[in-house]
> 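I have a structure I would like to understand better, so I am pasting it below and will then ask my questions one at a time.
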Amino acid sequence: MVSVALATYNGEVFINDQVGSIVQQLKDDDELVICDDQSTDKTISILNNLKQHIGCYLSITINEIRQYPRKNFFKTIQLCYGDIIFLSDQDDIWLPNKVEKIVSYFELHPDIDIVVTDALLLEEKDWMVNKTVWEIFNFAPSVFYTQYSLFKFLMLFGNFTPGATMALRKSALSYLLPYDTATNYWHDEWFIFLAAAKGTLGLIDEPLIKYRLHDNQQVGLGSKDDFEARIKHVNHVLAKDINAESANGLLGIYWNAYQRALFFEKKSKSALRFSDDILKTVYELKFDYLKQLRFLNRYYLLLRWWYSGLYKPRLKDIFLV
């Protein structure tokens, strides 16, 4: 049995197309589980009308009080009964055979708990963008020969794919939950980090949805301006443009990787235990980065890092001994 977890809020503009692209792929015993966060537009009436014309089971829950996106997604996921749970935004379009391809992937890879895919980019007015999400983030699955190398990428650069491409085994919720809503992690980022750390993350190098970019997104890559800023930032980092002007920002990224490692080590002991290799790798990445700088640039960088409270430099960092 397949479940689709769809969290909605004021989604009247795109919800009809999205639900239509989903239900045509579901069987009679599958379910579409919708949790609405007190929409004030016509979202609920549109969904109730659709309910009369679809074959699969459709559940609509309306929150008594607003949960906001993070909590609403987790509530929706926990209402699902299927062995495989697909996550869905309210404003995208699923490509044909998405469900079939992902379910087949799970069947062929019993050790995988979470699967993510690439996505085509779609502008608000249905104009296609001539790039996929993974192309924008310079993410190429073929370069990751081990789960650990994939985890290192996530540690350094953050999540590379929207949760709208994600599907997971219900059994994986045993270690993906509980989720601490006090953190700054979105549901998809939390899931993908834990699965990569545990070695249960699968990648399908194919776009299986049209991911819509618009200014009213509740969750995702954000507005066009924010999206373009992310592109520039990620490309800047991956290009290793490490001059004195950009060095402080890159150093912050390495420190953020260290903080992420500490956070997951602290929060996730019930789910998995990291070996010392994770923290060691973060230090090695930082050290390799520092070696690429000239001495004065390195000294200036470490001085700023120390002054900002990010890190207490050691002689090894300065003189590379």
Side-chain angles (χ1 to χ4, degrees), residues 1-39 41-63 69 72-107 114-122 124 126 128 161-170 173 187-188 191 204 206-214 216-220:
M1 177 183 176
V2 164
S3 295
V4 178
L6 173 56
T8 61
Y9 176 72
N10 288 351
E12 65 178 6
V13 177
F14 305 115
I15 192 67
N16 191 72
D17 290 342
Q18 171 66 310
V19 171
S21 72
I22 293 172
V23 297
Q24 65 182 359
Q25 304 185 44
L26 300 182
K27 301 176 181 178
D28 291 345
D29 57 346
D30 294 333
E31 64 174 2
L32 173 57
V33 179
I34 296 174
C35 209
D36 186 80
D37 206 21
Q38 292 201 332
S39 291
D41 63 0
K42 298 179 181 179
T43 297
I44 296 300
S45 62
I46 294 172
L47 291 172
N48 284 330
N49 181 62
L50 288 169
K51 191 173 185 178
Q52 304 174 26
H53 305 287
I54 63 177
C56 67
Y57 174 73
L58 172 58
S59 167
I60 303 174
T61 301
I62 302 175
N63 296 329
N72 195 32
F73 261 107
F74 275 94
K75 180 179 178 179
T76 310
I77 291 166
Q78 290 174 293
L79 291 174
C80 293
Y81 288 97
D83 299 321
I84 304 296
I85 302 173
F86 286 77
L87 306 189
S88 175
D89 291 345
Q90 64 185 5
D91 41 18
D92 304 322
I93 297 176
W94 285 17
L95 295 177
N97 302 322
K98 171 184 174 175
V99 172
E100 179 184 354
K101 289 181 178 181
I102 290 180
V103 169
S104 295
Y105 186 95
F106 276 122
E107 291 174 348
I114 290 181
V115 173
V116 293
T117 79
D118 202 353
L120 299 172
L121 293 173
L122 184 65
E124 185 169 1
D126 290 340
M128 294 300 299
T161 193
T165 74
M166 183 179 291
L168 57 104
R169 297 186 193 272
K170 186 176 178 64
L173 295 178
H187 60 290
D188 53 343
F191 286 173
I204 297 180
E206 178 183 355
L208 294 181
I209 71 168
K210 296 178 182 179
Y211 183 76
R212 194 184 301 273
L213 304 173
H214 61 92
N216 295 320
Q217 284 176 284
Q218 292 293 306
V219 181

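Computed from a prediction, not measured in an experiment: that's the story for all the values here. As a basis for the values below, the full set of heavy atoms in this structure was taken, side chains included, without hydrogen atoms, waters or symmetry mates.
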> With a cut-off of 6.0 Å (strictly less than), are more than 12 heavy atoms of other residues, nucleotides or ligands near CZ of F106?
yes
> Hey, what do you get for CG (D36) to OG1 (T8), rounding to the nearest 0.5 Å?
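If we round to the nearest 0.5 Å, D36:CG and T8:OG1 are 3.5 Å apart.
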> How many angstroms lie between atom CD1 of I34 and atom CG of L6, to the nearest 0.5 angstrom?
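Atom-to-atom, I34:CD1 and L6:CG are 4.5 Å apart.
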> Can you tell me if D188 uses its side chain to pair, donor with acceptor, with the backbone of P162 under 3.5 Å?
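A pair under 3.5 Å: no.
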> Looking only at non-hydrogen atoms, find the nearest pair between K27 and C56 and report the distance.
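Closest approach of K27 to C56: O-CB, 3.5 Å.
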> So how far is it from D92 CG to I209 CD1, rounded to the nearest 0.5 Å?
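Between atom CG of D92 and atom CD1 of I209 there are 4.5 Å.
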> L26 and side chain to side chain contact (heavy atoms under 4.5 Å, CB included): which partner among D29, D30, D28?
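When D29, D30, D28 are each tested with L26, the side chain to side chain contact (heavy atoms under 4.5 Å, CB included) holds only for D30.
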> Is the NZ atom of K42 crowded by more than 12 outside heavy atoms at less than 6.0 Å?
no
> Can you measure from CG (L87) to OG1 (T76) and round to the nearest 0.5 angstrom?
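It comes to 9.5 Å.
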> Is it the case that the side chain of E12 and the backbone of I46 share a donor-acceptor pair, with hydrogens and angles ignored and the cut-off at 3.5 Å?
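Side chain of E12 to backbone of I46, a donor-acceptor pair under 3.5 Å: no, none is there.
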> Please check this pair: side chain of E31 against backbone of S59, looking for a donor-acceptor N/O pair closer than 3.5 Å.
no
> Do Q18 and S21 pair up side chain to side chain, a donor and an acceptor below 3.5 Å, judged on atom types alone?
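Looking only at side-chain atoms, S21 and Q18 do form a donor-acceptor pair, the distance falling under 3.5 Å.
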> Do any N or O atoms from the side chain of D37 and from the backbone of A7 form a donor-acceptor pair under 3.5 angstrom?
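Checking the backbone N and O of A7 against the side chain of D37, no donor-acceptor pair under 3.5 Å is found.
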> Does the side chain of V103 come within less than 4.5 Å of F86's, by heavy atoms?
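Heavy-atom side-chain distance check passes, below 4.5 Å.
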> State, with a plain yes or no, whether a side-chain heavy atom of L95 is found less than 4.5 Å away from one of E206.
no
> In the structure I gave you, are the side-chain heavy atoms of R169 and I84 within less than 4.5 Å of one another anywhere?
yes
> Quick one, L50 with N16, criterion side-chain contact (heavy atoms from CB on, under 4.5 Å). Give me CA distance, side-chain angles, the key distance, then yes/no.
CA-CA 8 Å; L50 288 169; N16 191 72; 3.3 Å; yes
> Nearest 0.5 Å please: distance from the SG atom of C80 over to the CG atom of D83.
11.5 Å
> Just by modelled atom types, is the Y9 backbone N or O under 3.5 Å from a matching donor or acceptor in the Q90 side chain?
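Pair found, side chain donor or acceptor close to backbone of Y9.
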> Quick check: does any side chain N or O of T43 sit under 3.5 Å from a backbone N or O of G11, one acting as donor and the other as acceptor?
yes
> Can you tell me how far the OH atom of Y211 sits from the CG atom of D89, to the nearest 0.5 Å?
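Taking OH in Y211 and CG in D89, the distance rounds to 6.0 Å.
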> Under 30°, 30 to 60°, or over 60°: which ring-plane class applies to F74 and F191, parallel, tilted or perpendicular?
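Perpendicular.
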> Could you check T117 against K101 for side-chain contact (heavy atoms from CB on, under 4.5 Å), going step by step and ending with a plain yes or no?
CA-CA 10 Å; T117 79; K101 289 181 178 181; over 6 Å; no
> What is the minimum heavy-atom distance between N63 and K75, and which atoms define it?
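Closest pair (atom of N63, atom of K75, distance): OD1-NZ, 2.7 Å.
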> Decide side-chain contact (heavy atoms from CB on, under 4.5 Å) for L173 and I85; before the verdict, give the C-alpha distance in whole Å, the side-chain angles of both, and the deciding distance to 0.1 Å.
CA-CA 10 Å; L173 295 178; I85 302 173; 4.3 Å; yes
